**Student:** 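Would you mind keeping the following structure in view while I ask a few things?
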2 protein chains.
Amino acid sequence: MAKRRVSLKDLAAELNISISTVSRALKNHPEISPELTRKVQELARARNYTPNPLAMGLLRQETRMIGVIVPDLVTHFFSSVISGIEYVAKENGYYILISSSSESYEKEVESVKNLLNTRVEGLIVCLSQETRTFDHFDVLINNEIPLVFFDRVCRTDEVPSVVADNAEAARQVTRHFYENGCRRIAYINGPEQLSISKLRYEGYLQGLHDCRLPFDEELVARCNLSPEDASVATRKLLCLKNHPDAIFGINDTVIFAAMREIKQFGLNIPNDIALVGFTGEFHSTVVDPSLTAVTHPTFEMGQEAARLFFERIQHPTAPPQQIEMKTSLVIRNSSKKE
Amino acid sequence: MAKRRVSLKDLAAELNISISTVSRALKNHPEISPELTRKVQELARARNYTPNPLAMGLLRQETRMIGVIVPDLVTHFFSSVISGIEYVAKENGYYILISSSSESYEKEVESVKNLLNTRVEGLIVCLSQETRTFDHFDVLINNEIPLVFFDRVCRTDEVPSVVADNAEAARQVTRHFYENGCRRIAYINGPEQLSISKLRYEGYLQGLHDCRLPFDEELVARCNLSPEDASVATRKLLCLKNHPDAIFGINDTVIFAAMREIKQFGLNIPNDIALVGFTGEFHSTVVDPSLTAVTHPTFEMGQEAARLFFERIQHPTAPPQQIEMKTSLVIRNSSKKE
DNA sequence: TGATACTTCGCAAAGCTTTGCACGACCAAA
DNA sequence: TTTGGTCGTGCAAAGCTTTGCGAAGTATCA
């Protein structure tokens, strides 16, 4: 057990004055005489006094903590967003409590409950891929507890959120493929309930339409976001009697898995199959061929999410904003046919 | 401002009984009659009562929070270790407060101070690469506040720690190079003050000695752990009149930067230069050629660190353990000369 | 009926901080 | 001498929970 830290009471006892006087002296209250103020502040420094946040929290009903729930901590996208959240939180004197849902609905529900019990002042959440119902956020919404979603969102009419320009980005990717001579453009999608899946899929469709390419159902594969499942989905595409000449993957996990699969299949990237991913990873540049990718401003997404959160703290009932972050298509070698 | 949550006082008022009775009823105290107990518990459930951790913290002098300080959140190694810490923390009903030092000594000192002021029960730390002095941990040690280091450690005679078998792993890498025909084996080291730099360097030297290879000072480059600096270090090696035929990089950031640099230089991996990294990344398999690497059990390192932490909570003055985790050299294509 | 023994509960303190209000002391004016 | 004011400080409550101890009430026994 760590020793008790010094409290106002300790200082008061040592100086033979009351606790309230110490408290006031420390914040330079004008009603306390200058010498006493000086004496108190000196002692406080010497004893290394800092106010107890638990007591303050109890008094002010605030904990200066933000709960953050992400599907996992390890994926570059999430750790980078968290980094952005942490940055803004720190600026505001807040800490973040991180909980990983492991892409599990149940754990997500559990995390919401536990974090609220810990009295965080609100939550910043990216939904798990299993999550199809959203009642576990009712408590937050009904009680006006700040809540912000990012990337994988829901209930955007009630909850502020930060997302990428998913549809537009996917549309551009499709057109980029077309301009590079691809005609059978495949798309590996994520779970249908995820907002990013829907929107990127829509963008893909729009892109096809822009280029007057026919929609071919067999060119759309679906997977959960694990590397294994992505590999399966890729193989399915590769085994078509007429395999695609381009594959667009919903995120980096998927596209890296696809890349490996295609190589093992003995096909050339980009000549046999062009490849574009949706990612923010620096690894795009280190794979071979280097990966053309829609690049997220991940750190900035985290910052925006945190800003939205603090706005929410200020104005809990303001109409929810949705911030759409501009992505950019960084063209590298995986999509340039010779 | 979020509404106040229900407290014992609210429940007591609603039932017209005293707070203490409610408190006891909720924990099935035998002195409370069965019916009253039932009634109280029902109401508590209905009103969604959970004890206020601030009040409990104040009372018991515990916050059930662990401060975690890492150089950054984004690198796979750290996010994966954090993941392991979080896992064990959750098992024990603890949360982690994460603070990033951004590889800065000052921010590390700041983080230690701030986290302690937040009344975390202790700290799990990986030193920043700038850190050369360690007085900022005195407060913890003198006050018996639990502290655990991982990976980049110091004061191991006083503080428990979790590290990889750095020297042994580096030695094996060097021998592996030798067995694959490499004779001019270079090493890109990190900042000298880091324990991992020292130990891996020692292992490298031992490996050379084992293989009766001469030590050549110009084959040792140093960099801070940024990709940019790693690139510079690599170029220096490549520009030697007699460039190395193997490069061993202290971590993944370094080795991926080196890989890129070598390719740009027009040299072939592994035939011109073999490459081995020190990493836990799944990306090793997706780069081309796939990267031979010393693989850390990163998640497990986090778990061990957390376990050590909880032991420390139990026995703050027990002699500090140092846990050395076994790494394994996973041989892929980047080190196989034809 | 009075005393004893349980059963069932409430009071209050501790853990820490802030802050409105009151109180004592001292001085000046009436 | 009394009143009114100013200045410096302390009291106490609130925010929430746990728990030792005391008290009220009921039942049992002599």
Side-chain angles (χ1 to χ4, degrees), chain A residues 1-41 43-44 47-65 93 116-121 143, chain B residues 1-41 43-44 47-65 93 116-121 143:
Chain A
M1 191 87 54
K3 288 173 202 154
R4 244 190 64 251
R5 302 209 22 182
V6 296
S7 68
L8 289 184
K9 190 199 268 192
D10 300 323
L11 299 180
E14 190 158 350
L15 290 172
N16 260 315
I17 55 181
S18 82
I19 294 175
S20 26
T21 304
V22 178
S23 172
R24 280 189 262 255
L26 286 179
K27 35 179 61 68
N28 289 309
H29 200 100
E31 287 184 353
I32 305 294
S33 68
E35 329 107 85
L36 186 54
T37 297
R38 195 189 44 72
K39 249 178 36 188
V40 170
Q41 293 189 355
L43 184 69
R47 293 282 173 279
N48 227 312
Y49 168 80
T50 60
N52 185 319
L54 295 177
M56 296 294 289
L58 213 48
L59 196 64
R60 302 234 186 283
Q61 298 287 353
E62 64 175 30
T63 51
R64 303 186 86 74
M65 303 218 179
L116 286 181
N117 287 349
T118 314
R119 288 356 187 223
V120 295
E121 292 187 32
N143 292 295
Chain B
M1 193 85 57
K3 289 172 204 153
R4 242 189 66 251
R5 302 213 17 188
V6 296
S7 68
L8 289 184
K9 190 200 264 192
D10 301 322
L11 299 181
E14 190 160 348
L15 290 173
N16 262 313
I17 54 180
S18 83
I19 295 176
S20 26
T21 303
V22 177
S23 172
R24 279 190 261 253
L26 286 179
K27 35 180 62 68
N28 291 307
H29 198 100
E31 285 187 354
I32 307 295
S33 69
E35 327 107 85
L36 186 53
T37 298
R38 195 187 45 73
K39 250 175 43 186
V40 171
Q41 294 190 353
L43 185 68
R47 293 280 171 282
N48 227 313
Y49 167 82
T50 61
N52 186 320
L54 295 175
M56 294 295 290
L58 212 47
L59 195 65
R60 304 232 185 283
Q61 299 286 357
E62 65 174 33
T63 52
R64 303 188 85 75
M65 302 217 178
L116 286 182
N117 288 348
T118 313
R119 279 16 179 211
V120 294
E121 291 186 30
N143 293 294

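Everything numeric in this text was worked out from a predicted model, so none of it was measured. Residue numbers begin at 1 in each chain, while the letters A, B, ... track the order of the sequences.
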**Student:** Any side-chain N or O of A:Arg60 less than 4.0 Å from the OP1 or OP2 oxygen of C:dT19?
**Tutor:**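 A:Arg60 to C:dT19 OP1/OP2: side-chain N or O found under 4.0 Å.
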
**Student:** Determine whether B:Leu11 and B:Ile17 satisfy the following criterion, side-chain contact (heavy atoms from CB on, under 4.5 Å), listing intermediate values before the conclusion.
**Tutor:** CA-CA 8 Å; B:Leu11 299 181; B:Ile17 54 180; over 6 Å; no

**Student:** Is a side-chain N or O of A:Glu121 found less than 3.5 angstrom from the main chain of A:Glu62, in a donor-acceptor match?
**Tutor:**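 No; zero donor-acceptor contacts below 3.5 Å.
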
**Student:** Could you tell me whether the side chain of B:Arg64 and the main chain of B:Gly93 form a donor-acceptor pair under 3.5 Å?
**Tutor:** yes

**Student:** Would you please confirm or rule out a distance under 4.0 Å between OP1 or OP2 of C:dT17 and any side-chain N or O of A:Lys9?
**Tutor:** no

**Student:** Is A:Leu54 touching bases, backbone alone, or none of the nucleic acid, heavy atoms closer than 4.0 Å?
**Tutor:**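 Contact class for A:Leu54: none.
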
**Student:** Round to a whole Å and report the spacing from CG of A:Asn16 to C1' of D:dT9.
**Tutor:** 13 Å

**Student:** Which whole-number value in Å describes the distance from B:Gln61 CD to C:dA14 P?
**Tutor:**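 Going from CD in B:Gln61 over to P in C:dA14 covers 14 Å.
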
**Student:** What's the CE-P distance between A:Met56 and D:dA14, to the nearest Å?
**Tutor:** 18 Å

**Student:** Take the protein atom CG of A:Asp10 and the nucleotide atom P of C:dC16, then report the distance between them rounded to whole Å.
**Tutor:**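 Going from CG in A:Asp10 over to P in C:dC16 covers 7 Å.
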
**Student:** Starting at the 5' end of DNA chain C, which residue's closest nucleotide do you reach first, B:Ile17 or A:Asn52?
**Tutor:**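 Mapping each residue to its closest nucleotide by heavy atoms, the 5'-most match is B:Ile17.
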
**Student:** CG of A:Leu59 versus P of D:dT17: gap in Å, rounded?
**Tutor:**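 So the CG-P distance, A:Leu59 to D:dT17, works out to 15 Å.
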
**Student:** Below 4.0 angstrom, which residues in residues 20-32 of chain B have at least one non-hydrogen atom near DNA chain C?
**Tutor:** B:Ser20, B:Thr21, B:Arg24, B:Glu31, B:Ile32

**Student:** From CD of B:Glu35 over to C1' of C:dT7, roughly how many Å is that when rounded to an integer?
**Tutor:**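 Rounded to whole Å, this separation is 12 Å.
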
**Student:** Just by distance, do the side chain of A:Arg119 and the backbone of A:Asn117 share a donor-acceptor pair under 3.5 Å?
**Tutor:** yes

**Student:** Would you kindly say whether A:Thr50 and A:Arg5 are connected by a side-chain donor-acceptor distance under 3.5 Å?
**Tutor:** yes

**Student:** Atom CD1 of B:Ile19 and atom P of C:dC11: how far apart are they, to the nearest Å?
**Tutor:**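 One finds 9 Å between P of C:dC11 and CD1 of B:Ile19, rounded.
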
**Student:** Exactly one of B:Val40, B:Thr21, B:Leu43, B:Thr37 should register a side-chain contact (heavy atoms from CB on, under 4.5 Å) with B:Leu26. Which one does?
**Tutor:** B:Val40

**Student:** Can you tell me how far C1' of D:dA14 sits from CG of B:Leu8, to the nearest Å?
**Tutor:** 15 Å

**Student:** Does a side-chain N or O from B:Ser18 land closer than 4.0 Å to OP1 or OP2 of C:dC11, or not?
**Tutor:** no

**Student:** Should B:Arg47 and B:Asp10 count as side-chain neighbours, where that means a heavy-atom distance under 4.5 Å?
**Tutor:** no

